[in-house]
Structure formats: C-alpha cells, structure tokens
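Atoms within each ligand, like the ligands themselves, are counted from 1 in listed order. What you see is a predicted model; the values in this text were computed from it and never measured.
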Amino acid sequence: MGKNRYTDAAKRAAIWHHEYLKKMRSCRFDTIAVHGIYSMQEALDFNQGSIIEPIYMSTSQAYRDSDEMEAALGYEIPTWCYSRIANPSVYYLEGVLALLEGYGSEVETSCVATSSGMSAIQSAVDPFLVTLQGQTNKPMNFVATAQVYGGTFQQFAIRKQQERNIGWRKVIHSSDMKEWENLIDENTRFLYGELPSNPCQGFFDIRALADLAHKYNLPLIVDSTVATPALLRPLAYGADIVVQSVTKSMSSSGFGICGAVISKKNITSSIENEEMKSDFAGYLKLLPNRDNGPNISPMNSILALNDIRTLRTKMDLFSRSTLKVARFLEQHKHVEKVEYLGLESHPLHSLASSYLYLADSEFDELYPGKVNRYGHLMSFLINGDALKTRKVFDAMTMIWRATDLGRIKSVATIPAISTHSQQGEEGRKQAGIPSNLIRLCVGGEHPDDIIKDLDSALSVLDGKKINVSYPEYSAGGASSARIND
Ligand SMILES: *Cc1c(COP(=O)(O)O)cnc(C)c1O
C-alpha cells in the first residue's frame with residue numbers, strides 16, 4: 001500500500017476539481033464571485049453541509065499515518081499541512097480571485113493570497129531580483145511608473161534602491177511607450193505599472209506595454225487595485241502578473257488588510273527557473289512565501305471573500321456615483337481641476353475607455369451593451385494653497401478623513417500630508433501630487449448626500465462657518481440609558 005493509496009486518491013480528486021473549475025469558468029462573473037471554488041460536494045463531504053465557506057482557525061492539519069504525512073509534505077497530495085503555507089479558508093479566497101482575474105479570457109490563472117497589498121508586491125517582485133550567472137558585478141534594475149501608491153514608492157525607493165542598490169528607473173509619462181523602452185537594458189528584471197494610479201489616475205496601454213516587456217524577455221507586473229477585476233483584467237491583455245491590495249475596493253467593508261498575487265501560466269522572464277515561470281503564484285505559495293511567511297489569516301480571507309461576492313454590482317454603483325460627484329466638482333468655482341478617468345476632460349479618458357468596462361454589462365438588461373466604468377477613486381485640486389485645502393478638508397462632515405480608499409463609506413485624504421508624505425517634495429512632483437490635491441473615494445451612500453457635504457465644505461472658502469459638534473457619549477453605549485428626550 002504505502003503512499004500510493006493517498007497519491008491515487010489525490011489524482012482522482014484532481015480530475016474532479018478540474019472538472020468543477022471548468023464548470024465554474026463557464027459561469028458569469030457574479031456567479032463565480034458568489035460561489036467561487038466552494039462546491040456543494042465540498043460542503044457536504046467535508047464541511048457538514050455548511051453553505052458558507054468555514055473559517056478554519058487552525059494552525060495545522062493532522063494526518064492518518066506516516067505515509068499520508070510524507071505525501072502531503074512532499075506536495076504529492078492536496079494538503080494544507082500548516083497555515084503559513086496553506087489553509088482551506090485561504091484557498092477559497094485564492095480560488096475565487098484566480099477565477100475572477102482570468103474571467104472572460106482563455107488565460108489560465110493561479111493566485112496566492114498575502115497579508116497585505118504591500119506583501120503581495122514584495123512577493124511578486126522579489127523572485128526577479130536575484131543575481132544571474134555572469135552578471136555578479138552589475139547592479140540590477142526594474143522599470144516602473146513613478147505614479148504609484150505611497151507605500152509602493154517607499155518599498156521601491158528605500159527598500160530596493162537605497163538599501164539594496166537595485167535601480168528603480170521611473171517612468172514619468174506612463175502612456176509613452178518610448179519612455180519605457182529607453183529605460184530598459186540587459187540588467188532590467190521586470191516592468192511594473194500601476195493603473196489607474198493612486199491618486200493621480202495614470203494609465204497606459206497594457207497590450208502595448210506587455211508586448212514591449214516580452215520583446216525584452218521580461219515580465220509585466222500590474223497593480224490593478226483601483227480597478228479590481230470587475231472593471232479590468234490585465235492578464236487578458238498580456239500582463240504576466242497582477243498584484244491586488246484586496247484591502248481596498250475588493251473588501252469594501254473595511255474589516256482588515258489583505259493582498260494577492262495572481263499570475264498566468266508560463267510567464268515571460270529571462271531568469272532560468274522553470275518552476276517559477278510555469279506557475280508563478282503556485283511557486284510563490286509553496287516555496288518563497290513558505291520561507292518568508294507573508295501569509296494571510298483564515299479569518300481575514302473569509303471576510304474578504306464575503307465582500308467579493310457582490311464586487312461587480314458595488315463597483316458599478318460606486319463608479320456611477322463617482323462620475324456624478326466628479327461632474328459636480330468640475331464645475332465648482334473653488335475647484336481648480338478634477339482628475340478622474342471617467343471625465344471626458346481627462347487626457348487619458350479615451351485610452352482608459354478602451355480598457356475599463358463593467359464586466360458583463362452587455363448581459364445586464366439595465367444597459368444597452370458594454371458600458372465603461374472607471375472606479376471610485378478620484379482627486380480634485382482646490383483653487384488655492386495648502387491651507388485652504390486643509391480648511392475644506394476639515395469641513396467635511398460625512399466624508400471620513402482617513403488614509404484609506406475603496407470603502408463602502410466615502411473617505412478622503414490629502415496625500416501630500418499622509419499617504420505620500422514620506423516621499424518628499426521631489427517624489428511628489430514626479431508623481432504629480434501637489435499640496436492642494438484631495439483624494440476622494442466615493443462609497444455607497446447616495447451621491448447627492450456626498451455632493452451636499454462637499455458643497456458645504458467648499459463653502460468655507462466663501463467665509464462660511466461649519467459647526468461640528470460632538471456628543472459626549474457614543475451611540476453605541478446609549479441603549480443602556482433610560483433617558484427621556
Ligand atoms: C493600498 C494600496 C496598496 C497597498 O496595499 P495594503 O493592503 O495597504 O498593503 C498597493 N497598491 C495600491 C494601488 C493601493 O491603493
């Protein structure tokens with residue numbers, strides 16, 4: 001008998017799961033988001049019929065005998081052995097993310113979930129930053145957009161460039177393919193682009209950039225956090241790897257921090273590591289991330305999974321509301337400029353419009369066909385200096401002041417003093433982030449109420465006073481008091 005009875009059963013299970021995945025792949029976006037890879041059979045055979053994916057709050061899995069243990073630890077049978085490496089709840093999240101990023105294309109995908117968006121980026125780029133044979137003395141580099149999330153800026157500028165002498169070659173105009181190409185040399189390891197960029201709405205032609213990367217035998221890594229797979233799936237246009245801060249729009253409830261790396265099979269890279277190239281996310285999960293430990297908790301995985309079920313309809317609502325708010329701000333006398341790809345006035349509007357569509361809008365009877373949606377991140381610049389900008393910001397009473405985005409509740413921040421403060425004046429200049437810029441992420445409230453709040457906040461520049469009073473006790477504690485009002 002030995003290990004065979006386990007490895008044979010594993011082969012039969014693999015066939016079953018492959019068939020199930022094939023069936024799920026033929027479903028529409030919302031169906032995949034709702035069911036993911038959690039089947040009725042799995043529920044009934046392994047989870048007491050639980051219709052919702054269980055949260056496996058457990059460090060490790062036990063085995064029937066030494067044969068099964070040996071097969072499991074050799075990755076010869078499906079196993080989750082130890083929660084730093086794998087866990088059923090985490091796998092349910094990874095499965096749905098892989099399906100959604102590959103949705104509507106023939107691209108076969110896999111996913112590894114991570115503890116945060118930043119650890120997803122770290123996991124995705126690190127395997128390429130290794131010394132190649134015969135290249136020991138030459139510093140390596142990567143080519144990436146200057147317009148990136150503040151945390152990414154720090155990871156690239158400090159952790160990679162300053163501490164490890166790995167050059168970050170910044171692309172200032174990310175839609176200019178010549179600029180990208182001029183920065184590539186024989187020591188370049190990957191191309192990296194964020195789109196739409198946070199907060200400035202940078203955008204590039206993904207197909208053209210993927211072609212350029214592959215011409216030089218390099219992978220293209222895309223941070224697609226702001227769009228989510230409901231609006232954009234870069235792997236279908238040739239990108240090799242997608243990173244997501246699942247913390248943001250994908251988990252709009254805002255319960256916790258969470259990230260993911262999703263890759264297609266057989267990525268392009270000049271590095272001779274066949275295992276890595278054939279299934280990048282699978283490789284990360286079983287090897288580097290096992291050793292480095294940037295894993296997500298089962299609890300956070302299921303909380304994120306639960307939000308993802310309604311991702312498409314939420315992104316539709318958020319995007320429509322954001323466009324309405326953007327149009328309001330665009331005509332306001334105290335607003336110098338609005339940066340939102342959905343506005344015709346944005347220089348990258350038509351390029352973005354060829355990529356950003358609401359998934360399955362062509363099958364929705366509400367719409368005449370495929371419709372563009374641009375997400376819920378936007379920025380606007382106040383007509384005035386940093387002080388005036390802070391006055392408007394401080395006068396908001398419904399929009400939360402927080403360094404956050406992607407929420408079901410509207411949130412705003414001034415990036416120059418928060419998310420993008422550490423990169424300094426020069427770094428902000430390159431990324432196009434002046435001190436009068438407010439980043440706004442419109443949530444699920446009725447947009448008219450958000451417009452009302454913005455209108456009243458902007459009226460401080462006409463000399464109006466906004467009175468904000470705070471109660472002395474919280475509403476959460478009030479239920480126990482017998483007070484007549
Ligand atoms: C927030 C964010 C990240 C980092 O994600 P965390 O989950 O906060 O670590 C990366 N990229 C973009 C575009 C982001 O908005």
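- Relative orientation of the Trp168 and Phe156 rings is perpendicular, given thresholds of 30° and 60° on the angle between their planes.
- Look at Lys370 and Glu362 and you find no salt bridge, because none of the NZ, NE, NH1 or NH2 atoms lies under 4.0 Å from a carboxylate O.
- Between Phe190 and Tyr192, the ring planes lie perpendicular to each other; the angle is over 60°, past the 30° to 60° tilted range.
- Less than 6.0 angstrom separates the ring centroid of His349 from the ring centroid of Tyr374.
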Report all N/O contacts between ligand 1 and the protein shorter than 3.5 Å as a table of atom names and distances to 0.1 Å; if there are none, say 'none'.
unit_1	atom_1	unit_2	atom_2	d
ligand 1	5 (O)	Ser245	OG	2.9
ligand 1	7 (O)	Gly117	N	2.8
ligand 1	7 (O)	Ser245	OG	2.8
ligand 1	7 (O)	Thr247	OG1	2.6
ligand 1	9 (O)	Gly117	N	3.0
ligand 1	9 (O)	Met118	N	2.9
ligand 1	11 (N)	Asp223	OD2	2.7
ligand 1	15 (O)	Asn198	ND2	3.1
ligand 1	15 (O)	Lys248	NZ	2.8

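- Relative to the ring axis of Phe29, Arg309 does not place its NZ or CZ within 45° and under 6.0 Å from the centre.
- The salt bridge (Lys or Arg N to Asp or Glu O under 4.0 Å) check on Glu101 picks up nothing, with sequence neighbours excluded.
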